Trainee: 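Got a structure here, written out as C-alpha cells. Questions coming.
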Protein chains: 2
Amino acid sequence: MAAPTEPRACSIARTLEVVGEKWALLAVREVFLGNRRFDEMVRRTGAPRDTLTARLRTLVDSGVLQRRRYSDHPQRFEYHLTAAGRELYPVVLTLLRWGDEHLAGPDGPPLILEHDCGHRLIPEVSCQACGEVVEPADVTRRFPMSS
Amino acid sequence: MAAPTEPRACSIARTLEVVGEKWALLAVREVFLGNRRFDEMVRRTGAPRDTLTARLRTLVDSGVLQRRRYSDHPQRFEYHLTAAGRELYPVVLTLLRWGDEHLAGPDGPPLILEHDCGHRLIPEVSCQACGEVVEPADVTRRFPMSS
DNA sequence: GCGGTCAGTCCAGAATCTGGACGGACTCAT
DNA sequence: ATGAGTCCGTCCAGATTCTGGACTGACCGC
C-alpha cells in the first residue's frame with residue numbers, strides 16, 4: 001500500500017469550510033458595509049435568494065453572524081457580525097487589496113477606504129511581535145511536520 | 001420599475017472570482033509550502049484530481065501560478081507562484097490566523113509559523129501609512145458611493 | 001383596494017464537484 | 001526484460017450545488 005498521506009490538518013482549510021462557499025464572504029462584506037438586511041444583500045451581491053438564504057444560515061450556525069429580530073409583526077431580521085465575524089476583517093481587507101492591485105479596471109479600485117490616521121488605507125500584513133511587514137521568505141515552519 | 005441596484009463593483013468579488021472556487025486557495029497554500037507537483041497537491045489537499053486539474057488551469061490562466069516543465073521525456077510540470085501569486089500571502093495568512101483562533105482543536109493550531117524576528121508569527125493587518133493595526137471602526141469609505 | 005417592500009420558500013434545470021477507474025510515459029529493482 | 005511503482009493527468013456517470021423565476025404572506029402608504 002502506498003502512502004495516501006492524509007489531507008493536511010490546516011486552519012486555512014477549516015476557515016474555508018466556514019467562509020469559502022460561494023457568496024459567503026460577499027455577504028460578510030455587506031454586513032461590514034452596514035447592509036444587514038436580506039433584500040439589500042441580494043441586490044448588492046447579486047447572489048440568488050436561495051443561495052443567500054443558505055449562506056446566511058451557515059454563517060449564523062458557525063458563529064460569524066447573529067440573526068437579530070428588528071420587527072415583530074412582520075417578522076424581520078437583520079444580520080450582525082459577532083466578535084468572530086468582526087475578526088474576519090483582515091481577510092476581507094487582504095482580498096480587497098489583492099483585487100485593487102491586480103484586477104482593477106482603468107478607473108482604479110471601485111472602493112477607496114480611509115484610515116483614521118488620515119491616509120488612504122492600504123492594508124498590509126505584519127508580525128505582531130516585531131511589527132515588520134511579512135514576506136513569504138521571512139517565515140518558516142516551527143515544526144517541519146512529519147514527512 | 002424598482003431599483004434593482006447592480007451588484008457592487010468590488011475588488012473582493014473580483015478576487016474571489018479568481019481564488020474563491022473550492023480548493024483554489026488550498027492549492028496555493030501547497031505551493032507556498034513548497035509542494036509544487038500535482039500528485040503531492042492531490043494528497044495534501046484531498047481535492048479530487050479532476051477538480052485540481054481545473055483549479056490549476058484557472059490559476060495559471062489568471063496569472064497566479066506558472067506551469068513550468070521540469071522533465072521532458074515524461075512531460076512533467078511544477079507549479080510556481082508568480083509575483084501576483086506571492087502577493088496572495090497576506091490572504092493566506094489572515095485565513096490561517098482566523099482558523100487558528102476560532103477553529104483550532106484541543107491540540108492548538110496544527111501549523112505554527114515562525115517569523116525571522118525570532119517569534120511565533122501572529123499576522124496582523126496594519127495601515128501602510130501609519131503602521132497601526134486596523135480595526136473596522138477606524139475605517140471609512142472615502143467616497144460614500146452613490147445610492 | 002392597489003402597488004410596493006421585505007424576507008423568505010419552492011422548484012426544476014444548469015452547472016459543478018466527486019470518486020473510481022484508466023492511460024501513457026517513464027524509473028528502478030530484481 | 002519484467003513487474004512494481006511514480007507521476008500527471010483524462011474519462012465518465014452520479015451526487016451535490018447553484019441558479020433564476022415565480023410565488024407567498026405580512027405588512028405599509030396612498
Side-chain angles (χ1 to χ4, degrees), chain A residues 1-7 13 16-28 30-31 33-62 65-80 147, chain B residues 1-7 13 16-28 30-31 33-62 65-80 147:
Chain A
M1 174 187 10
T5 312
E6 292 289 295
L16 290 172
E17 224 135 290
V18 174
V19 297
E21 287 168 300
K22 204 167 179 186
W23 304 113
L25 278 171
L26 295 187
V28 171
E30 285 310 309
V31 183
L33 291 172
N35 299 314
R36 315 198 151 79
R37 317 284 247 205
F38 186 84
D39 265 34
E40 189 69 9
M41 291 191 212
V42 166
R43 274 193 297 275
R44 298 294 195 163
T45 61
R49 311 177 72 79
D50 259 27
T51 307
L52 188 65
T53 302
R55 248 10 120 241
L56 290 173
R57 217 188 299 280
T58 75
L59 289 171
V60 168
D61 289 351
S62 49
L65 298 180
Q66 192 204 351
R67 193 167 180 253
R68 213 181 278 177
R69 184 191 283 104
Y70 73 91
S71 152
D72 267 329
H73 286 326
Q75 283 217 331
R76 288 299 146 74
F77 299 91
E78 282 180 336
Y79 296 88
H80 288 255
S147 129
Chain B
M1 166 183 23
T5 311
E6 293 288 297
L16 290 173
E17 226 136 289
V18 174
V19 296
E21 288 169 300
K22 203 168 178 185
W23 306 113
L25 278 171
L26 294 188
V28 170
E30 284 309 310
V31 182
L33 291 174
N35 298 314
R36 317 199 147 79
R37 323 275 248 212
F38 186 84
D39 264 34
E40 189 70 7
M41 292 191 212
V42 166
R43 272 193 296 276
R44 297 294 194 162
T45 61
R49 311 178 72 78
D50 258 27
T51 308
L52 189 64
T53 303
R55 246 13 117 242
L56 290 172
R57 218 190 298 278
T58 76
L59 288 171
V60 168
D61 289 352
S62 49
L65 297 179
Q66 193 203 351
R67 191 165 181 257
R68 214 181 277 176
R69 182 191 285 103
Y70 73 91
S71 153
D72 268 328
H73 287 325
Q75 282 217 332
R76 288 296 145 78
F77 300 92
E78 282 179 336
Y79 297 87
H80 288 257
S147 126

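Quantities reported herein were computed from a predicted structural model and do not represent experimental measurements. Chain naming here is simple, since letters A, B, ... match the order of the sequence lines and numbering starts at 1 in each.
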Trainee: Write down the distance between CZ (A:R36) and P (C:dC6), rounded to a whole number of angstrom.
Mentor: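 It works out to 15 Å between those atoms.
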Trainee: Could you check whether the side chain of A:R49 and the base of C:dA7 have a donor-acceptor pair of N or O atoms closer than 3.5 Å, going by distance alone?
Mentor: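 Result: at least one qualifying N/O pair found.
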Trainee: Considering only C:dA7, C:dG19, D:dC8, which nucleotide approaches the side chain of B:F38 most closely?
Mentor: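 Minimum distance to the B:F38 side chain belongs to D:dC8.
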Trainee: Could you give the CG-to-C1' distance, from B:L52 to D:dC8, as a whole number of Å?
Mentor: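 The answer, rounded to whole Å, is 10 Å.
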Trainee: With a 3.5 Å cut-off and heavy atoms only, can you find an N or O donor on one side and an acceptor on the other between the side chain of B:D50 and the base of C:dC17?
Mentor: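 Such a pair does not exist between side chain and base.
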Trainee: Tell me: CZ of A:R69 to C1' of C:dG8, nearest whole Å?
Mentor: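 Atom CZ in A:R69 sits about 15 Å away from atom C1' in C:dG8.
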Trainee: Could you verify whether a donor N or O on one side chain and an acceptor N or O on the other, from B:R67 and B:Y79, lie under 3.5 Å apart?
Mentor: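 A pair is found: one side chain offers a donor N or O, the other an acceptor, under 3.5 Å apart.
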Trainee: Below 4.0 angstrom from OP1 or OP2 of C:dT18, is there any side-chain N or O of B:T51?
Mentor: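 For C:dT18, OP1/OP2 do have a side-chain N/O of B:T51 under 4.0 Å.
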Trainee: From CZ of A:F77 over to P of C:dG8, roughly how many Å is that when rounded to an integer?
Mentor: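 Rounding to the nearest Å, CZ of A:F77 and P of C:dG8 are 7 Å apart.
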Trainee: Tell me whether the OP1 or OP2 atom of C:dC26 has a side-chain N or O from B:Y70 closer than 4.0 Å.
Mentor: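 So the side-chain polar atoms of B:Y70 never come under 4.0 Å of the phosphate oxygens OP1 or OP2 of C:dC26.
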Trainee: Whole-Å distance between C:dA15 C1' and B:E17 CD?
Mentor: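 Between C1' of C:dA15 and CD of B:E17: 15 Å.
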Trainee: Going by heavy atoms in the side chains, are A:F38 and A:R49 under 4.5 Å from each other?
Mentor: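 Yes - at least one pair of side-chain heavy atoms lies under 4.5 Å apart.
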Trainee: Taking OP1 and OP2 of C:dG8, is either one under 4.0 Å from a side-chain nitrogen or oxygen of A:R67?
Mentor: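 For C:dG8, OP1/OP2 do have a side-chain N/O of A:R67 under 4.0 Å.
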Trainee: Rounding to a whole Å, what distance do you find between B:L56:CG and C:dC17:P?
Mentor: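 From B:L56 CG to C:dC17 P: 13 Å.
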Trainee: Taking the nucleotide of DNA chain D with the nearest heavy atom to each, does A:Q75 or A:A54 sit closer to the 5' end?
Mentor: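 It is A:A54, whose closest nucleotide lies nearer the 5' terminus.
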Trainee: Any side-chain heavy atom of A:M41 within less than 4.5 Å of one from A:L56?
Mentor: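 With C-beta onward as the side chain, the pair touches.
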Trainee: Find the distance between NZ (B:K22) and CD (A:E21) and round it off to the nearest 0.5 Å.
Mentor: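 It is 8.0 Å, given to the nearest 0.5 Å.
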Trainee: Within a strict 4.5 Å, meaning less than it, do heavy atoms of the B:N35 and B:R43 side chains meet?
Mentor: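 No, every pair of side-chain atoms sits at 4.5 Å or beyond.
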Trainee: Taking atom P of D:dA26 as reference, at what distance in whole Å does atom CG of A:D39 sit?
Mentor: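 Result: 17 Å.
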Trainee: With a 4.0 Å cutoff (strictly under), does any side-chain N or O of B:K22 reach OP1 or OP2 of C:dT18?
Mentor: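 For C:dT18, OP1/OP2 do have a side-chain N/O of B:K22 under 4.0 Å.
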Trainee: Please compare A:A47 and A:P74 by the position of their nearest nucleotide in DNA chain D and report the one closer to 5'.
Mentor: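 The 5'-side residue here is A:A47.
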Trainee: Select one nucleotide: of C:dG8, C:dC17, D:dC8, the one nearest the side-chain heavy atoms of A:T53.
Mentor: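 Nearest nucleotide to the side chain: C:dG8.
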Trainee: Compare side-chain N and O positions of A:R55 against OP1 and OP2 of D:dC18 and report whether any pair is under 4.0 Å apart.
Mentor: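 Yes, A:R55 has a side-chain N/O under 4.0 Å of OP1/OP2 on D:dC18.
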Trainee: Measuring from the side chain of A:R57 (C-beta onward, heavy atoms only), which nucleotide among D:dC8, C:dT18, C:dT9 has the closest atom?
Mentor: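 Nearest to the side chain of A:R57 among the choices is C:dT9.
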Trainee: I need the CD-P distance between B:E21 and D:dC18, as an integer number of Å.
Mentor: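 From B:E21 CD to D:dC18 P: 12 Å.
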Trainee: Does any N or O donor sit under 3.5 Å from an N or O acceptor when you compare the side chain of B:R76 with the base of D:dC8?
Mentor: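 No, no donor-acceptor pair under 3.5 Å.
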Trainee: Under a plain distance cut-off of 3.5 Å, with no hydrogens placed, do A:Y70 and A:R37 share a side-chain donor-acceptor pair?
Mentor: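 The criterion, which ignores hydrogens and geometry beyond distance, is satisfied for A:Y70 and A:R37.
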